[in-house]
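Order of appearance sets the numbers: ligands from 1, and atoms from 1 within every ligand.
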Amino acid sequence: MNLILLGPPGAGKGTQAKLLIKQYQIPQISTGDILRGAVKEMTPMGLKAKAYMDAGALVPDGVVIGIIQERLNQADCDKGFILDGFPRTVAQADALAKVLADLGRSIDHVISIVVDKEELLERITGRRTCRNCGKGYHVTFDPPKNAGVCDDCSAELYQRDDDREDTMRKRLEVYEQQTSPLIAYYQRELLLRSIQGVGSIEEIQQKIVSALQG
Ligand code: AMP
């Protein structure tokens, strides 16, 4: 199954992708995670991407399309994949269709996770991430046992630069302007199913699984 999870930052795409990996035994491909890895490793791509990411802007299409092209050619994607955070522009969606066509493949489903803006701001600005293992927490909804410390590896928790409120507002604007046109794009392709991204993580997962089977 070749799946795209579409939705604004904070909609829960990453959380839901992790559950779908288990359910369908296919990998999650998160361009955000790959870019953060490159920033941490200080690769040339990471150094280029960091300024865009810190500002809440999109990294240039050419960079992320290159990442996806390389990733989709890897053997673990043979049985399918879950794209999380890609595509984010119409140019990326067109490029994705071409990369897949060259592999004799296409997208099967696009799930759009809908959450309103105030809820997104609350979710994202309370988000904390482990500096060592990357595990995610929320100061209100999913706090660690000891404030500021990862339950799993005891490393320090931090707030991603792009999760601060001013950057988050910018990211939501970028989503509205550059990514939300993909909803109509995939509607035209008859691939889109929208679900409300509110309720417990399990309830939302159930809605996604029903949409995929329906
Ligand atoms: P995410 O973790 O998906 O919210 O991504 C974090 C940041 O990485 C975004 O705010 C962008 O700066 C960058 N990024 C991730 N995916 C893409 C993409 N498909 N196109 C452009 N920039 C991206």
What residue and heavy atom of the protein are closest to [atom], and at what distance?
atom                    : result
atom 4 (O) of ligand 1  : Arg171 NH2, 2.7 Å
atom 11 (C) of ligand 1 : Ala57 O, 3.5 Å
atom 1 (P) of ligand 1  : Arg88 NH2, 3.5 Å
atom 8 (O) of ligand 1  : Met53 CE, 3.5 Å
atom 16 (N) of ligand 1 : Thr31 OG1, 2.8 Å
atom 22 (N) of ligand 1 : Val59 N, 3.0 Å
atom 14 (N) of ligand 1 : Leu35 CD1, 3.5 Å

Establish, yes or no, whether the cationic atom of Arg131 lies under 6.0 Å from the six-membered ring centre of Tyr158 and within 45° of the ring axis.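 So Arg131 does make the cation-pi contact.
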Using a heavy-atom cut-off of under 4.0 Å, does the side chain or the backbone of Arg160 touch ligand 1, or both, or neither? side chain
Tell me the contacting part of Asp61 for ligand 1: side chain, backbone, both, or neither, using a 4.0 Å heavy-atom threshold, strictly below. neither
Which atom of Ser194 lies closest to which atom of Val114, heavy atoms considered: CB-CG2, 4.3 Å
Does this structure show an ion pair linking Lys98 with Asp94, if we count only N-O contacts that are shorter than 4.0 Å? no
Thinking salt bridges, do Lys207 and Glu203 make one under a 4.0 Å N-O criterion?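 The answer is no: the pair does not qualify as a salt bridge.
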Could you tell me which atoms of ligand 1, counted from 1 in the order shown, lie closer than 4.0 angstrom to a heavy atom of Gln92? 18 (C), 19 (N), 20 (N), 21 (C)
In ligand 1, which numbered atoms sit nearer than 4.0 Å to a non-hydrogen atom of Leu58?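 What qualifies from ligand 1 is 21 (C), 22 (N).
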Using ring pair (Phe, Tyr, Trp, His ring centres under 6.0 Å) as the criterion, list what pairs up with Phe141, not counting sequence neighbours.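 Listed in chain order: His138.
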Gln159 side chain vs Thr125 backbone, donor-acceptor pair below 3.5 Å: yes
Test your reading of the model: is there a side-chain donor-acceptor pair from Arg171 to the backbone of Asp162, 3.5 Å cut-off? yes
Any nitrogen or oxygen of Gly56, side chain or backbone, less than 3.5 Å from one on ligand 1? no
So for ligand 1, is Asp33 a polar contact partner (N or O within less than 3.5 Å, distance only)? no
Summary of salt bridge (charged side-chain N to carboxylate O under 4.0 Å, His left out) pairs that have at least one residue in residues 108-126, sequence neighbours excluded: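 Only Glu119-Arg123 qualify under salt bridge (charged side-chain N to carboxylate O under 4.0 Å, His left out).
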Distance alone, cut at 3.5 Å: any donor-acceptor contact between the side chains of Thr89 and Asp61?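 A donor-acceptor contact under 3.5 Å links the two side chains.
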So is Lys13 touching ligand 1 or not, going by heavy atoms under 4.0 Å?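 Judged by the 4.0 Å heavy-atom criterion, Lys13 does not count as contacting ligand 1.
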